[in-house]
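Heads up, the thing below is written out as structure tokens.
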Amino acid sequence: METKKLITLLIPIILALGAWVIPVEWFGIPGLTVMEQRVIAIFLLAAALWITEPIPIWSTSVLTMVLMLLTVSDGSLSFLMTEAIKDPENAKKIIAYAQTASGQEFGMPISAKTIMAAFADPTIMLFMGGFILAIAATKYKMDAGLAKALLKPFGKNPDIVLLGFLLVAAIFSMFMSNTATAAMMLTILTPVLASLPADGKGKIGLALAIPIACNVGGIGTPIGTPPNAIAKGYLEQNGMDINFADWMILMVPIMLIILFFAWQLLIRLFPFSPSVKQNGIKIEVEGNFEKSTKAYIVYITFAVTVFLWVFGGLEITGKFCPNANIVALLPFAVFTITGVITKKDLASVDWDVLWLVAGGFALGVGLDKTGLGKHLVESIPLKTWPTLVMMIGAGLICIVMSTFMSNSGTAALLVPILAAAGMGIKENLAEFGGVPALLIGVALSASLAMSLPISTPPNAIAYSKKIITTKDMAIVGIIVGLFGMVVGYGALILFGNAVFGN
């Protein structure tokens, strides 16, 4: 196993070194500079490591940023910089126009501060605020209390209970980690599954409902999944800030349509037995809302934060707090000052996800600041391609890649390229929802990749219950995924301009 892992690690390194040293003409990109060639090498290294995963995907992001700082920034290792630096004040300008022995321009190095700023990108702060809310909600049993209250109206009819689990899990996944939501909902569901007939199909549908809802629910808000945050971050970098409410206005209806379709599919493929339909299903959820002072602080802060996210940027409220990234820091401040969140709780933040997203943003900086993104777009005749083919093709590539590798890693890999390409054909995209439709479509596709146990953590958690077969998951995952793409891209193309205004 160690030999296999070593080989898997060496292949990306060899691939990157090859891209670093091969003649520039081999790339077929006119005007490619040394800086740009190095970014290509780093990009290929990151892509290969994200796909094969010989090391954790978040550590690949950290490695990417470190390599960029050492090789393409103004703080690079001295022996990797041109000897043309004579005047410190004009060093960047001199480097940019210096040429190698083969006549290749060196190119403009990137500010090290700009690369490191990816760690504190506003979208990272938005995601961190979401994590803090989720940690506090779990710590003070707000999640269990809400689950109990939200599931109660669905009664005992098994088909309606199935719909209840789909909707409740999706609602939680809009604001919490889909992995944490899946673990919580399956804990609630476990005694129900145990009470159902061993040979009945209904329990398969119930078990599948959780990962489907957790994966689909994440598309409803910008903080629902890392791909959403990555897409939103690149839109902001290109002057297209989409506020929380606008995102939800379009994406929540898409989410609900997909969930309703999934519900109908599950009750047809995995019907409950007549005895279960006759006797019904009883849901018992342990845990109630806490009534301590700190618990009330969590409830109020959670409500205020979500209210500001959803309504703070709308015209009818006077846009008193339109920036969701700033609002995300509100619970952080309140919870730490009041002792709701302690130093120990901060260890529960999904720092690996934040570092992963930051690495994706750093790659985008490399594509933009070195001029590589512009050269890539100019070298590909995108303007001659049918726009719809490019948009939907990108989504299909994303959903296939995300089936076998991390959704977040796929988005971090594809979004920087598509952001550069989208800005290059902005006029062509205008009638199809604009650049937001292109990038959000990729984020949507990443969330819809759920046909295998390895596709997402919620899938793996549900599969571990030994109720679902890989075949069952594949059939449902593929059907729901393709339906979701049709609905999602249809809505983005038809209503993207009206909602996002770009």
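- Under a 3.5 Å cut-off, the side chain of Trp351 and the backbone N or O of Leu346 do form a donor-acceptor pair.
- For Thr52 against Pro12, the heavy-atom pair with the smallest separation is OG1-CG, 4.2 Å.
- The ring of Phe119 has its center no closer than 6.0 angstrom to the ring center of Phe361.
- Leu250 has its side chain out of reach of Asp246: every pair of non-hydrogen atoms, C-beta onward, lies at least 4.5 Å apart.
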Atom pairs and distances, donor-acceptor, side-chain atoms in residues 132-139, under 3.5 Å, two or more places apart:
| unit_1 | atom_1 | unit_2 | atom_2 | d |
| --- | --- | --- | --- | --- |
| Thr138 | OG1 | Ala134 | O | 3.1 |
| Thr138 | OG1 | Asp143 | OD2 | 3.1 |
| Lys139 | NZ | Val340 | O | 3.0 |
| Lys139 | NZ | Asp345 | OD2 | 2.6 |

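- Put simply, the side chain of Asn178 never gets that close to the backbone of Gly224: no donor and acceptor are under 3.5 Å apart.
- Heavy-atom minimum distance, Val480 versus Met450: CG1-CE, 3.4 Å.
- The backbone N or O of Ala117 lies less than 3.5 Å from no partner atom in the side chain of Asp121, so there is not a single donor-acceptor pair.
- Contact of the Leu63 side chain with the Leu45 side chain is registered, since non-hydrogen atoms from C-beta on lie closer than 4.5 Å.
- If you check the side chains of Asn215 and Asn407, you find no donor sitting under 3.5 Å from an acceptor.
- Using a distance-only test at 3.5 Å, with no hydrogens or angles considered, a donor-acceptor pair links the side chain of Gln37 to the main chain of Ile22.
- The shortest heavy-atom contact between Tyr463 and Met473 is CB-CE, 4.3 Å.
- No donor-acceptor distance shorter than 3.5 angstrom exists from the side chain of Ser173 to the backbone of Ala170, with no hydrogens or angles considered.
- Nearest heavy atoms, Met251 versus Leu492: SD-CD2, 4.3 Å.
- Remark: the backbone N or O of Val298 is not paired with any side-chain donor or acceptor of Thr301 at under 3.5 angstrom.
- Of the inter-residue distances, the one linking Ile115 atom CD1 with Thr64 atom OG1 reads 11.0 Å to the nearest 0.5 angstrom.
- Annotation for Thr181 and Cys214: closest pair CG2-SG, 3.7 Å, computed over non-hydrogen atoms.
- Within the 4.5 Å cutoff, side-chain heavy atoms of Met174 are placed close to those of Met248.
- Between Met68 atom CE and Met116 atom CE the span is 11.5 Å, to the nearest 0.5 Å.
- Here the side chain of Trp50 pairs a donor or acceptor atom with the backbone of Ile57 at under 3.5 angstrom.
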Name the atoms and distances for all side-chain donor-acceptor pairs under 3.5 Å in residues 392-403, with sequence neighbours left out.
| unit_1 | atom_1 | unit_2 | atom_2 | d |
| --- | --- | --- | --- | --- |
| Ser402 | OG | Cys398 | O | 2.9 |
| Ser402 | OG | Thr410 | OG1 | 3.4 |
| Thr403 | OG1 | Ile399 | O | 2.7 |

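- In this structure, the side chains of Pro54 and Leu49 come closer than 4.5 Å at one or more pairs of heavy atoms.
- Summarising the geometry, atom CG belonging to Leu32 is positioned 4.5 Å from atom CD1 belonging to Ile40; distances are rounded to the nearest 0.5 Å.
- Each of Val216, Ile461, Asn459, Leu186 was checked for a side chain to side chain contact (heavy atoms under 4.5 Å, CB included) with Pro211, and the lone residue meeting it is Asn459.
- For Asn428 (side chain) and Thr387 (main-chain N/O), no donor-acceptor pair under 3.5 Å exists by modelled atom type.
- Distance check: Ile337 CD1 to Phe332 CZ gives 11.0 Å after rounding to the nearest 0.5 Å.
- Glu236 pairs by the salt bridge (charged side-chain N to carboxylate O under 4.0 Å, His left out) definition with Lys232, not counting sequence neighbours.
- In this structure a side-chain-to-backbone donor-acceptor pair under 3.5 Å is present from Arg38 to Thr71.
- Taking the side chain as every heavy atom from C-beta outward, Ser73 and Ser111 never approach each other to under 4.5 Å.
- For the atom pair CG (Leu235) and CE (Met240), the distance works out to 5.5 Å, reported to the nearest 0.5 Å.
- The minimum heavy-atom distance linking Gly360 with Pro416 is given by the pair O-CG, 4.0 Å.
- Contact of the Leu413 side chain with the Phe43 side chain is registered, since non-hydrogen atoms from C-beta on lie closer than 4.5 Å.
- If you take CG on Asp350 and CH2 on Trp58, they are separated by 12.5 Å, rounding to the nearest 0.5 Å.
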